[in-house]
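These notes are about the structure you will find just below.
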Amino acid sequence: MAKKTYDLLFKLLLIGDSGVGKTCVLFRFSDDAFNTTFISTIGIDFKIKTVELQGKKIKLQIWDTAGQERFHTITTSYYRGAMGIMLVYDITNAKSFENISKWLRNIDEHANEDVERMLLGNKCDMEDKRIVPKAKGEQIAREHGIRFFETSAKANINIEKAFLTLAEDILRKTPVKEPNSENVDITNGGGVTGWKSKCCS
Amino acid sequence: MEFGEESSPALAFEKNAFELTVEDVYDISYVIGRDLLKISSTGEEVSDLQFRIVRVLEMFETLVNKYNLSVEELKMERDNLKAELDRIIKEGSPSSGHANQVVVDLNDPNRPRFTMQELKEVLQERNQLKAQLMVAQEEIQLYKSGILPQPEPAMADVDLDTPAAKEDSSSTINEKTTIGKL
C-alpha cells in the first residue's frame, strides 16, 4: 500500500480527576488551540495526531477520558488497549494531586503491565494559585519510576514535549517489524481482498 | 421453707390458674399431704388415693413448669422482634435508608433514562464514525494534492478496538470488516 500515511500507530490515554485539563492538554497538542469554557467530557473521546520520530511517521491515537467517577466503567475499559497513559493533575487543586495514587491503582488494575506511564502537573501558568509544589510532583513521579512534566495547555508549556517524550519511550521498546500488518488482517476473508490485490499489484 | 401461719401455703388454692408457679404447686402438695395425713390418722385406708394424688400433683408440676417456660420464651421472642422492628424502622427512614439510591423525578424532562451500556454503545459508534470521517478527510486531501491519481480502496487505519468491543457479537466484527473495505 503505497499511500500509507504512517509507519506506526500508538494508542495513548489521558486520565485524571475531572477538571484538571485533560481535554485542553489534548486540544493544545492536536489543534494547537485553547478554549477557556469548561465542557465536561462525556465518557470517552479521541483525537489523532501524526508525528515524526526517528524518521518514522507515528500516528498517535489519543483517548481522552471523562474524569468523573460516573463514567468509570466506560473509561476503564479503554485502559487495556493503551500503550501509553498520561496521568494529569492540576497544580492548583490539592485533591487532584492526592488522587494520583487512586489513578495509579486504576492503571495497575486495568492497563497492560508494560504500559508507559507519565505524570503531568497541568495549569502551571497559574503560579499565584499553585497549591502543589513542583517538588512534590517530581517526588511522587520518582517514587513510581515515571516521567514528570509540569504543563500548561493555556500557555502552551511542555505539551508537545510531553507527548513526544511519551511516544519516544514507547517507540524505544517497540520491536522493529512491518507496521500495522494486523490492521490489514481485518479485511481477510472479505470478497474485496482479491480485487484489491489485483488493483494494487 | 417455714410458714409462720398455717394458711400461707393454702393461699396457692386461691390463685388464678395461669399465675401458678412451681412453688405454688409444692404448697398445694404440702396442704393436700397434710390433709391426707389427717384422714389416715383416723384409721381409714387412703394409700391408693394418696398415690394417685401424688401422681396428679406431679403432672400438675410438669404442666405449670412447662407453661411458665413457654411464657418466658414467648416474652423473649416478643422483645427480640420488637427490637428488630425498631431497627428496621430506623434504617428505613429517608435520611439513611436509601443512601445508595437516586430518587428520580418522573416529571423532569432531563431525568436520567439510559443505561451505562447504552451510553457505551453510542460513544463507541460516535468514535467509530469519527475515525471513518478522519480517514475520508485524509483521503480527500490525498486526492486534492494529486498523490492519488485514481480511486483506490482505502483502509480504515484507525483501530478502535476496546476490550468491550471485542466481546461484542459478530455483527460488530462484520461492521468492522465493512469499515475496512470502505
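We name chains A, B, ... by the order of the sequence lines, and we start the count at 1 in each one. All values below come from the heavy atoms of this structure, side chains included, with hydrogens, waters and symmetry mates left out.
- Annotation: R52(B), atom CZ; neighbour count of heavy atoms from other residues, nucleotides and ligands within 6.0 Å does not exceed 12.
- Put simply, OG1 on T50(A) and CD on E138(B) are 6.5 Å apart, with the number rounded to the nearest 0.5 Å.
- Going from atom CG of L119(B) over to atom CD1 of I74(A) covers 4.0 Å, rounded to the nearest 0.5 Å.
- Within a 6.0 Å sphere centred on NZ of K15(B), heavy atoms belonging to other residues, nucleotides or ligands number more than 12.
- Residue K173(A) qualifies as enclosed at atom NZ: its count of foreign heavy atoms under 6.0 Å is above 12.
- Here the closest non-hydrogen pair linking F46(A) and K130(B) is O-NZ, 2.6 Å.
- Within 6.0 Å of atom CD in E160(A), 12 or fewer heavy atoms from other residues, nucleotides or ligands are found, so the atom counts as exposed in its surroundings.
- Across N127(B) and I44(A), no two heavy atoms sit closer than the pair ND2-O, 3.5 Å.
- Listed here is the closest heavy atom pair of M116(B) and R70(A): CE-O, 2.6 Å.
- For K49(A), the NZ atom sits in a packed shell: over 12 heavy atoms of surrounding residues, nucleotides or ligands are nearer than 6.0 Å.
- Within 6.0 Å of CZ in F18(B) there are 12 or fewer heavy atoms belonging to other residues, nucleotides or ligands.
- Atom CE of M134(B) is separated from atom CD of Q61(A) by 9.0 Å, given to the nearest 0.5 angstrom.
- Within the 4.5 Å cutoff, the side chain of R126(B) has heavy atoms near those of the D45(A) side chain.
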